[in-house]
Amino acid sequence: LSQALVCGQGGFLDWNPANQRLVFSNEFLGLLGYSREDAPTGPVALDDLLHADDRERVASLVAKAHEEWVPLEIDCRLRRADGTVRWFQVRGHHVFADSESATRLLAVAFDMTDRKLIEEVRIEHLDEMEDAWSRLSRQAELLEDQAVKLALARDRAEAADQAKTV
């Protein structure tokens, strides 16, 4: 399992909501640039790692997964030990001790930064293509208007030539 996580650029985390204990796999810590000794710990560890713009959304999705007993599916940004930010795809589920209380949240997280960057470039290029298409469409409309005007001018000139010859 450990080698599969390394190959897939992933890791796992295990969170106990009762005592706020959060445990990261060594693979996950490695992706974040931490050693086991330097890893963030305690109830705010994940909050500290989360990008500020993602905290509220992630908290809401975790609460929803817990309340509705649905799988957790989140794409979020995490801050590495060196301060850089990476995108992660997190998938998990709650483990329930009984019919009412979750004892743990188990999740896998995969670094998807490269895929996210490629998607951003793709969207940027699509936007550029749409802009170019709009400009071409406007130019085509102008050319079409000019062609109509030229055709009218030609028809008038031909009509004037015919009037002179009669």
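The model shown is predicted, which means the values in this text are computed figures rather than measured ones.
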Closest contact, heavy atoms only, A39 versus L29: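 Here A39 and L29 meet closest at CB-CD2, 3.5 Å.
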Which atom of L105 lies closest to which atom of V62, heavy atoms considered: CD2-CG1, 4.4 Å
Using a 3.5 Å distance criterion without hydrogens, assess whether the side chain of [X] forms a donor-acceptor pair with backbone atoms of [Y].
X: R91; Y: I74; result: yes
X: N16; Y: R21; result: no
X: R55; Y: L50; result: yes
X: R36; Y: F24; result: yes

Side-chain cluster (under 4.5 Å, hydrophobic types only) that L152 belongs to, other residues: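 Besides L152, the hydrophobic cluster comprises V148, listed by chain and residue number.
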Test of ring centre spacing under 6.0 Å for F28 and F88: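 Between F28 and F88, the centre distance is under 6.0 Å.
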More than 12 heavy atoms from other groups under 6.0 Å of CD on E144: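 Result for CD/E144: open.
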Over 12 foreign heavy atoms within 6.0 Å of CD, E56: no
Pairing of R122 and E119 as salt bridge, 4.0 angstrom limit: yes
D114 side chain near R86 side chain, heavy-atom distance below 4.5 Å: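 D114 vs R86: side chains touch.
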